Amino acid sequence: QVQLVESGGGSVQAGGSLRLSCTASGFSTYTYSTFNMGWFRQAPGKEREGVAIIDRYGSTRYEDSVKGRFTLSRDNPKNSLYLQMNSLKPEDTAMYYCAANGAWVPGTLRPSEYNYWGQGTQVTVSS
């Protein structure tokens, strides 16, 4: 059974930093390495949006508002995904979700293309 577990969320003041982690289980390290992985977020009353994704080749893509502030990385031997978030802003406040796409397709920021999801971790940034 595929499971994604996020951690690292919390409450910080504007300008602060957080590091989100996601650990995947239920498939082999090789299988994990073939997945496109991503972080998505959803604020109250808003649609879920893509924040950053990393494909099976290690290429990354970021949503425009987080470019230069967030850094995504993956550790395939550990079946893990990380999101370093710096210079946080109040508008970054949301529930953050880790997601995986096992299909052999290019990585995108579209939530609809990801078929495995974690339960989410809350990030709150105060001004």
Side-chain angles (χ1 to χ4, degrees):
Q1 180 179 354
V2 175
Q3 189 173 17
L4 303 177
V5 179
E6 303 99 333
S7 63
S11 297
V12 295
Q13 290 189 331
S17 298
L18 285 173
R19 185 178 189 238
L20 304 184
S21 299
C22 171
T23 300
S25 61
F27 39 72
S28 69
T29 296
Y30 170 75
T31 299
Y32 174 80
S33 72
T34 67
F35 281 14
N36 294 331
M37 299 294 299
W39 286 97
F40 298 79
R41 66 186 178 188
Q42 188 166 17
K46 296 187 176 181
E47 293 187 354
R48 190 169 298 189
E49 65 174 356
V51 176
I53 66 98
I54 184 167
D55 68 14
R56 57 185 57 81
Y57 306 110
S59 297
T60 55
R61 184 174 299 179
Y62 297 90
E63 192 268 328
D64 286 345
S65 71
V66 307
K67 287 179 180 177
R69 300 188 298 122
F70 291 10
T71 303
L72 182 63
S73 61
R74 66 190 298 170
D75 186 339
N76 289 338
K78 294 183 178 180
N79 281 15
S80 293
L81 182 73
Y82 308 102
L83 184 67
Q84 178 66 45
M85 305 187 296
N86 299 327
S87 302
L88 283 161
K89 303 176 180 180
E91 50 264 44
D92 295 318
T93 295
M95 185 70 79
Y96 283 70
Y97 298 91
C98 173
N101 177 3
W104 203 266
V105 296
T108 76
L109 288 167
R110 290 190 290 270
S112 60
E113 297 191 0
Y114 290 76
N115 46 353
Y116 300 110
W117 291 86
Q119 292 300 306
T121 185
Q122 178 69 37
V123 171
T124 302
V125 184
S126 58
S127 58

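Bear in mind that the values here come from a model prediction, so they are computed numbers and not experimental data.
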Can you tell me if CD on E91 sees more than 12 non-hydrogen neighbours from other groups inside 6.0 Å? yes
For N36 and R56, indicate whether the former's side chain and the latter's backbone hold a donor-acceptor pair under 3.5 Å. yes
Could you check Y97 against Y114 for ring pair (Phe, Tyr, Trp, His ring centres under 6.0 Å), going step by step and ending with a plain yes or no? CA-CA 11 Å; Y97 298 91; Y114 290 76; over 10 Å; no
side-chain hydrogen bond (donor to acceptor under 3.5 Å, both in side chains), paired with Y96, selected from E6, Q122, R41: R41
How are the rings of F35 and Y32 set to each other: parallel, tilted or perpendicular (split at 30° and 60°)? tilted
Where G50 and F40 come nearest, the two heavy atoms and their spacing: CA-CD2, 3.2 Å
Output the distance between atom CG (D75) and atom OG (S33), rounded to the nearest 0.5 Å. 11.5 Å
With a 4.5 Å limit on heavy-atom distance, are the side chains of N115 and N101 in contact? yes
Is L20 reachable from Y116 through a run of hydrophobic residues whose side-chain heavy atoms are each under 4.5 Å from the next? yes
In Å and rounded to the nearest 0.5 Å, what is the CG to CD distance from L18 to Q84? 8.5 Å
Closest heavy-atom contact between S21 and Y82? OG-CD2, 3.4 Å
Test R61 against every option in I54, I53, V51 by the side chain to side chain contact (heavy atoms under 4.5 Å, CB included) rule and name the one that passes. I53
So OG1 of T29 and CG of N79: to nearest 0.5 Å the spacing works out to 4.5 Å
Over all heavy atoms of both residues, which pair between S126 and P90 is shortest? Give the atoms and the distance, please. C-CG, 4.4 Å
Quick check: do D92 and M85 have side-chain heavy atoms less than 4.5 Å from each other? no
Heavy-atom pair with the smallest gap, counting every atom of L4 and A24: CD2-CB, 3.4 Å
Same cluster or not: V66 versus L88, using hydrophobic residues (I, L, V, M, F, W, Y) connected whenever any side-chain heavy atoms lie under 4.5 Å apart? yes
Calculate, to the nearest 0.5 Å, the distance between atoms OG and CD belonging to S127 and Q13 respectively. 9.0 Å
V125 reachable from M95 in the ILVMFWY side-chain graph, under 4.5 Å edges: no
OG of S112 to CZ of R48: how many Å apart, nearest 0.5 Å? 11.5 Å
Check the hydrophobic clustering (I, L, V, M, F, W, Y; side-chain heavy atoms under 4.5 Å; chains of links allowed) and say if F70 and V12 are grouped together. yes
Is any side-chain heavy atom of W39 closer than 4.5 Å to a side-chain heavy atom of C98? yes
Give, for atom CZ of F27 and atom CD of Q1, the distance between the pair rounded to the nearest 0.5 Å. 11.5 Å
Verify the cluster assignment for Y62 and L81: are they in a single hydrophobic cluster under the rule of side-chain heavy atoms below 4.5 Å apart? yes
